[in-house]
Amino acid sequence: MIDLSTKLGSLELQNPVLLASGVWDFPYTKIIDFKRLGGVICKGVSPFPKEGNPPPRITETHCGLINSIGLENKGFDYFECEILPELKKLGTKIFVNIFGESIEEFKEIASKIKEVAGVEVNISCPNVSKGGEKFGKDPKMVFSITKAVCGETDLPVIVKLSPSVENIEETAQAAKEGGAMAVTASNTFPGLVIDLESKRPLFKRITGGLSGPAIKPLALYNVYRIKNAVDIPIIGSGGISDYKDVLEYFIAGASAVQLGSIIFNNPLAPIEILDNLICWLGEKGYKNLKDVNKK
Amino acid sequence: MIDLSTKLGSLELQNPVLLASGVWDFPYTKIIDFKRLGGVICKGVSPFPKEGNPPPRITETHCGLINSIGLENKGFDYFECEILPELKKLGTKIFVNIFGESIEEFKEIASKIKEVAGVEVNISCPNVSKGGEKFGKDPKMVFSITKAVCGETDLPVIVKLSPSVENIEETAQAAKEGGAMAVTASNTFPGLVIDLESKRPLFKRITGGLSGPAIKPLALYNVYRIKNAVDIPIIGSGGISDYKDVLEYFIAGASAVQLGSIIFNNPLAPIEILDNLICWLGEKGYKNLKDVNKK
Amino acid sequence: MEPTFRILPVLENKKLGPYNKITMKDVQIYAHAECGNFVMIGLQGFDPYLSRPFSFLEGNRTSFSILLKVKGRGTELLSKVKKGDKLKVLGPLGKIFCPPKEGILIAGGIGIAPVYYQSRWMKGGVLFYGAKRKKDLILTREFKDKGFTVRTITEEDGGLVTDLLKEYTDELDGKQIFVCGTKGMIKSIKGILNKEQIEKAYVYVEERMGCGLGGCKSCAVKTFEGYKLVCTEGPIFPLKEVKFD
Amino acid sequence: MEPTFRILPVLENKKLGPYNKITMKDVQIYAHAECGNFVMIGLQGFDPYLSRPFSFLEGNRTSFSILLKVKGRGTELLSKVKKGDKLKVLGPLGKIFCPPKEGILIAGGIGIAPVYYQSRWMKGGVLFYGAKRKKDLILTREFKDKGFTVRTITEEDGGLVTDLLKEYTDELDGKQIFVCGTKGMIKSIKGILNKEQIEKAYVYVEERMGCGLGGCKSCAVKTFEGYKLVCTEGPIFPLKEVKFD
Ligand SMILES: Cc1cc2nc3c(=O)[nH]c(=O)nc-3n(C[C@H](O)[C@H](O)[C@H](O)COP(=O)(O)OP(=O)(O)OC[C@H]3O[C@@H](n4cnc5c(N)ncnc54)[C@H](O)[C@@H]3O)c2cc1C
Ligand SMILES: Cc1cc2nc3c(=O)[nH]c(=O)nc-3n(C[C@H](O)[C@H](O)[C@H](O)COP(=O)(O)OP(=O)(O)OC[C@H]3O[C@@H](n4cnc5c(N)ncnc54)[C@H](O)[C@@H]3O)c2cc1C
Ligand SMILES: Cc1cc2nc3c(=O)[nH]c(=O)nc-3n(C[C@H](O)[C@H](O)[C@H](O)COP(=O)(O)O)c2cc1C
Ligand SMILES: Cc1cc2nc3c(=O)[nH]c(=O)nc-3n(C[C@H](O)[C@H](O)[C@H](O)COP(=O)(O)O)c2cc1C
Ligand code: FES
Ligand code: FES
């Protein structure tokens, strides 16, 4: 038996493969066996309903996609009554991704989340006018929000960092000082698409967030930078498409990873990755994932 | 006759398609008809020879590549005697890409360049220990280098900006204030690749520069940001692979573009792009490229 | 309906009018497909990165087919698949719709595909069908065989499907109406239907999709009750619900 | 040699030992190919993004072939091309080398391809050829027909090509020697050749390539005179020049 378990700060995960926020919903349980996953992060929830951005909300780029969803969600009350109970039945670790337009909103929502594996604080969405990336680019704000959230909950807090900064070490450090148990590195990269018909940006909000294999070397580098500067567990996110990518992230310093847009390309990717990780470790003679990083 | 000519500040180019620095050398003249190009930017030249980085120097990523060349070149004296005279015979506009490890070095080399269309100042290479990106991330340094170079030459000066900054508007503004005629946006993005055999970064210098279609939406956004903040002509660079990309860059605010790594994928891309631009303009009923941006 | 994800081999790719009829070997997906369902189809690898939504056209116990119109790069690449090539197929997707035994189907161009699929559950009615050119009109024989009255019009003849509807507006009364076509066509149809007709009209909505499974929220369509997701709450919506701008 | 860039159809892809022999229709590239030349071959589209360097194997006025060993992802994808598929081909590339009429060829594994191509210009000599298993040894009959003495060894037999060389070291004297194999093999060969032999020895160097045309400076190999580019100054280098670390 090959052991894929990994430690993420205080948490033990049965394997490092999590589903990222904003890419899956319950119908995916028909395709993927959620019990095999290390955990899942649910779509961002805000205190009040958000209707999201006007369509189009998604487009393709070479080896990636750009989205401008704008955090559409039905608000926390709906989430608590209708979604959370269902999430708890999935048989995997649940992380609740939260979003607020002010420190107060983050506090309000953080105080209400109970009985899940952890909270992921989204201060890095590039597709909203208030909060999001704007918070995530300012280390002081990252510190304040993290501290505020940690003050409201006993759950492990993960801060999802923005890649739109010059020094991601600084925002990672701010999250750590604010009390974060881990950071996710990193969210989508702001990118532009011009529609040649209208000769204007395709998205109403001009930019969208680039994700998918295209960004992998950039996001992987973010993990490496943080690993070498800040002593905090890291969840890698960005462009993972196969088990080799997971290993690269693991070696670069991540303790777990999130799969995002790859599930649009291949909904079975999470399961194939787990199977292939086991094969690879077996071939190399490793018994545990942890051994990969032993010298 | 469809007119592809474009104005880049004081310069008139017969068309907007330039070959980027560091991707071509004379053998390409066997494949591409250089007379059809808007111009070419030669490989970065420094005052003293640079041997470049140890191999491996290149690897693939999804829809892109990462290089760690390290500005290998034989130094300015060799360039002046052996290369420059040959460049002048190419029958297209020549821009000399220059690189220095100090302001003094930039000055020294800038003062010696004569009889070409312009100078491109490379302060954005991510693959060198001294200068390069380190200069390009600091607006003050961008200003000082640009000013120093402009003080040494009457040629139009183009500053090639680094994408590794939070606000590229600031470095573009600094280049403008330093006297630049135009800016190039942008150079390669620092990215990481882990070699699973050695379980270490593939490149000796850890990171390399990501280029190719993968980065297009990010580099295009850099052009758009500068266009909307600074009044300076822009040369777009990053991930252009077909004529539609050229049009996107043009609409986003670029007056010309550079083709880089696409010529490794398809050495005929520059010519195909020019042919397709003419077709597209014809189909849309435009007589001039400039009309595309008329409302 | 229980969606699955499969790699299916192409059995045939042939022209049907101006479209490609692509048939895949399948024993699982079509067997569970109901009225209102569609599939996401993708090429292996990352080009294109996203799969594309298509209506079922028809099928049996060992295969099903779609009808594909080349629109942009993705459909261009898909239109070139050859026998034996493997496609990624996710489905059946979408909200099941309970079709009437008889009703009015209105199709423009490639819109013929979903309404033809819907006709599988119907015993007859009227098909109003517009296309660019005469030779673009397909499947009319099949509709007739199924007991439909088929009324066609083409731009070649100088007419739009709305002209047909105006002519036969009383045929629409009291029946459920299903419209599949461009946004422009749907809007003008809405313009000429009367209140009672609109009350019983439904529309096949198209939006760009990421996942097809309600995961990404990209396929939002504006309705009078806020955004709804085409992939899980559609693609069939009451005409009166959808907001066109 | 005048390189061109062509889209060439595959005529055949068949197994030759553990390798793929891929033949392309061509009237232009092979016609200009000289000893020392190679080609860059790529699949259409962006996967893989870069073309890969291959030696010519053999050819005629209407086609040429390469011998491909699957190593990583790029060669894996290339190994799957089918008759009729189109490949991007850039060549001939590399520095022309004036081959001797007679000489010593030393090949390990897939290293047989370039030396076989080189033998086109030779009248005979000795081939030392090592491989993993007996059935991996290919083209030996053809070498014999060209007048070569063929000495083979396999790891199956418990031997390396260096063991062969030690046994027949005097055959190497006074002849030009050409080595094509892994870095490890080349290093050990350098270890057992004497000074005079090294003086007349050449090596086929491999490096990752971006452009094949001297443009990107990615294919640098360390020599005692600094870095040199494999694509324009090689791939054949004097053995004594190359630095191995
Ligand atoms: C539920 C549903 C069922 C469909 N059934 C069929 C069918 O049976 N046969 C058929 O030929 N087509 C069908 N379509 C439309 C088809 O999915 C699009 O034409 C296709 O996705 C366009 O892809 P592309 O790569 O060619 O275009 P792109 O290059 O991606 O875009 C070209 C243009 O098409 C538009 N577009 C892109 N994606 C979609 C989309 N998902 N829906 C609508 N417009 C889009 C873009 O706005 C753009 O203007 C259906 C769409 C939906 C949502
Ligand atoms: C001048 C020249 C002639 C060649 N001729 C032949 C030939 O006739 N037949 C043949 O099968 N192979 C030949 N090769 C080697 C072949 O180009 C590589 O095996 C191939 O590029 C590997 O690509 P990949 O995608 O499979 O490997 P990747 O996944 O890119 O890499 C897998 C491994 O191969 C190594 N590698 C990658 N690119 C190269 C390269 N260009 N050269 C050497 N190692 C590389 C990497 O370091 C890595 O360890 C030649 C190489 C050169 C430089
Ligand atoms: C359609 C879409 C919606 C997303 N929504 C959210 C979200 O609500 N909250 C969040 O923190 N990240 C969100 N993300 C970011 C992803 O969780 C992930 O970090 C990012 O896509 C990079 O990973 P990938 O390259 O594997 O997709 C979203 C991404 C996509 C593509
Ligand atoms: C192999 C390689 C070498 C490069 N060398 C240089 C250089 O010497 N000077 C420079 O300013 N930019 C250099 N660049 C950057 C390119 O000029 C270009 O700006 C970048 O690759 C982005 O464009 P692309 O995506 O079209 O390749 C190099 C890029 C590559 C791929
Ligand atoms: S396509 Fe993803 S939610 Fe509808
Ligand atoms: S491969 Fe580009 S210089 Fe040799």
Side-chain angles (χ1 to χ4, degrees), chain A residues 59 61-66 126 137-138 162-167 188-202 206-210 212-225 228 239 241-245 247-253 280 284 292-295, chain B residues 59 61-66 126 137-138 162-167 188-202 206-210 212-225 228 239 241-245 247-253 280 284 292-295:
Chain A
T59 195
T61 66
H62 291 292
C63 293
L65 61 93
I66 305 199
K137 282 156 98 170
D138 175 3
S162 166
S164 305
V165 292
E166 208 170 300
N167 296 305
T188 55
F189 288 68
L192 180 70
V193 177
I194 300 280
D195 175 39
L196 292 185
E197 289 306 314
S198 64
K199 296 194 269 168
R200 299 178 44 79
L202 175 70
I206 317 280
T207 58
L210 178 63
I215 65 170
K216 197 203 76 181
L218 309 180
L220 183 66
Y221 182 39
N222 283 338
V223 168
Y224 184 88
R225 289 178 73 157
N228 285 279
S241 69
D242 66 16
Y243 76 99
K244 288 185 191 163
D245 295 332
L247 289 166
E248 284 195 56
Y249 268 95
F250 193 72
I251 294 166
W280 188 86
K284 295 280 168 182
V292 173
N293 272 337
K294 290 214 178 104
K295 290 296 137 185
Chain B
T59 194
T61 65
H62 291 291
C63 293
L65 62 93
I66 306 199
K137 282 156 96 171
D138 176 2
S162 166
S164 306
V165 292
E166 209 171 299
N167 296 304
T188 56
F189 288 69
L192 180 69
V193 177
I194 299 280
D195 174 39
L196 292 185
E197 288 307 314
S198 65
K199 297 194 272 171
R200 299 176 45 78
L202 176 69
I206 316 282
T207 59
L210 179 62
I215 64 170
K216 197 203 76 181
L218 309 180
L220 183 66
Y221 182 38
N222 282 338
V223 168
Y224 184 88
R225 289 178 72 156
N228 285 279
S241 69
D242 66 16
Y243 76 98
K244 289 185 190 162
D245 295 331
L247 289 166
E248 285 195 57
Y249 268 96
F250 193 72
I251 294 166
W280 187 87
K284 295 281 167 182
V292 173
N293 272 336
K294 290 213 180 104
K295 291 297 137 182

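Lettering follows sequence order; numbering is per chain, from 1.
- In this structure, B:Ser162 OG and B:Asp138 CG are separated by 11.5 Å, a value rounded to the nearest 0.5 Å.
- The shortest side-chain heavy-atom distance between A:Pro201 and A:Thr207 does not fall under the 4.5 Å cut-off.
- For the set A:Trp280, A:Tyr224, A:Tyr249, the entry with the most heavy-atom pairs within less than 4.5 Å of chain B is A:Tyr224.
- Ranked by heavy-atom pairs shorter than 4.5 Å toward chain A, the options B:Asp195, B:Asn222, B:Ile206 are led by B:Ile206.
- The side chain to side chain contact (heavy atoms under 4.5 Å, CB included) with B:Leu210 is formed by just one residue from the set B:Leu218, B:Ile215, B:Thr188; it is B:Ile215.
- Heavy-atom pairs under 4.5 Å with chain A were tallied for B:Arg200, B:His62, B:Glu166; the largest tally goes to B:Glu166.
- In this structure, chain A has a heavy atom under 4.5 Å from the side chain of B:Thr61, while its backbone stays farther away.
- Taking A:Lys216, A:Lys137, A:Arg225 one by one and counting their heavy-atom pairs under 4.5 Å with chain B, the maximum is reached by A:Lys137.
- Note on A:Leu247, A:Leu196, A:Val223, A:Asn167: by heavy-atom pairs under 4.5 Å with chain B, the leading option is A:Leu196.
- Among all heavy-atom pairs drawn from A:Ala252 and A:Leu220, the shortest one is CB-CD1, 3.7 Å.
- Ranked by heavy-atom pairs shorter than 4.5 Å toward chain A, the options B:Pro190, B:Gly64, B:Ala219, B:Ser241 are led by B:Pro190.
- With a 4.5 angstrom heavy-atom cutoff, B:Ile66 touches chain A only via side-chain atoms.
- Between A:Lys199 atom NZ and A:Ile194 atom CD1 the span is 11.5 Å, to the nearest 0.5 Å.
- B:Lys284 touches chain A through its side chain: at least one heavy atom from C-beta onward sits under 4.5 Å away, while N, CA, C and O do not.
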